[in-house]
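Side-chain atoms are counted along with the backbone in the values below, which use heavy atoms only and exclude waters and symmetry mates. We count ligands from 1, going down the list as the structure has it; atoms in each ligand are counted the same way.
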Amino acid sequence: MGLRSIIVLVVLVGVRGSSTSEAASTDISAQSKIKSETAEDTGQKSTLPVEVTEDNMMATGELNPNHYPAQRAAKVVQHYFNTRYGSPYRLFGLQQVHSGNAEDVSNSGRRYQLEISVHEIISNKTQKCSAEVFFPRGEGSLFAEVQASPCEELLINTKLQEEALYQQYKNNQSLLSAQNLPDSYGHIEPNMEPFWHLAIVASSFIMLKESTENTLYNMAQVASIKQLDTENDQLKFECNVLLHEMVSQEILQWKLLFTWSSAEGINVLEKEQLPHCHSCEKAPNSK
Ligand SMILES: *[C@@H]1O[C@H](CO)[C@@H](O)[C@H](O)[C@H]1NC(C)=O
Ligand SMILES: *[C@@H]1O[C@H](CO)[C@@H](O)[C@H](O)[C@H]1NC(C)=O
C-alpha cells in the first residue's frame, strides 16, 4: 500500500470516525500513521476538514470553522504556539476552531481572526484563545504573522522536568540516537517521548515559515534524531523529519540542526528541505 493511499485512509478514518478504523487496523502502516497524526492533532479527528476542493477561491467574511480556510489559518497558530512556548514537556495542538473571519487588507494581504481551542497535549489542558493570522501578499519570502492571546492556562511550568532531562543528556557518556519516532506500530519508547516532542517543536519552526493560506502542515514522523557533541552548554541535535502537507497530500522531508537547553529553549541553526526520495514512498512505516 503506497503512502498516498495510507494518508487518504487516515483522512477517511478521521472523517468517518470509528466505523472504518476496524478496517484500517489491518494495516499497521495506517495505524502508526493514525497515531502520529493523532499525537499532533490531539485526537480531534472529527474536526478535520472534509472538503478538499470546495474552496480554491479565497473565502472572505465569516468562515465555516470546520472548513479548510479557517482550519489552515488556525493550524498556523498551533505552530506559532509551539515555536514560542513548546518544549520537550509542552506541546500544543489545535483542538477546535470555534469561529473565523477573513478579510482582504488593501493590497497587502489577508487577515484571519479566529477563536480556537488550543490543547496542551502533555498536561491535557485546553483553553479557548483568540488569534489573528496575517498572510502577506507580494514578492519574496513572506511569512504568516501571528498574534494570539497568551493562553496562560496552558503555560504549565515544566522547568524541573526540563532541567532533569537536560542534566541527564548533558552528562551522559553516550550520545542519543534514535530512528522512526513513532515506529511501524505507532509506538514510542517512553524515554524517547521528550525527543519526539522536541522534534515536533523544532519542526514547527519550519511549518510556521512554510505555511500559507493554501497549506496545512502536520508532523508525520521523526525519521532519525541524533545528538551531536557540543563545546557549549547546549544540547545539539541533527534530525530528519517527515512533514505531511495535507492539501497537496505530499510528504516532505526536512533536515534540521538545532540546539536545546532548559535555560535557553530551542534554537534552530539550520533547516534544509531534502529532495523527494522514492524510498520515502515506502517509508516511514514499512520498516
Ligand atoms: C483529557 O481531558 C479530557 C477532558 O478533560 C478527558 O476527557 C480525557 O480523558 C483526558 N485525556 C487523557 C489522556 O487524560
Ligand atoms: C545514557 O544514554 C544511553 C543511550 O542513549 C541510555 O541508554 C542511558 O540510559 C543513558 N544514561 C542515563 C544515566 O541517562
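We find the OG-OH distance between Ser211 and Tyr217 to be 6.5 Å, quoted to the nearest 0.5 Å.
For atom 11 (N) of ligand 1, a protein heavy-atom neighbour is present inside the 4.0 Å cut-off. The presence of a protein heavy atom under 4.0 Å from atom 4 (C) of ligand 1 is ruled out.
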Go through the steps for Arg111 and Glu132 under the test salt bridge (Lys or Arg N to Asp or Glu O under 4.0 Å), then give the verdict.
CA-CA 7 Å; Arg111 181 185 294 127; Glu132 200 176 284; 3.3 Å; yes

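Ion pairing of Lys125 with Glu153 is absent here, as no side-chain N (NZ or NE/NH1/NH2) approaches a carboxylate O to less than 4.0 Å.
For the pair Asn66 and Val97, the minimum side-chain heavy-atom distance is 4.5 Å or more.
Asn124 ND2, 4.3 Å is the protein heavy atom nearest to atom 13 (C) of ligand 1.
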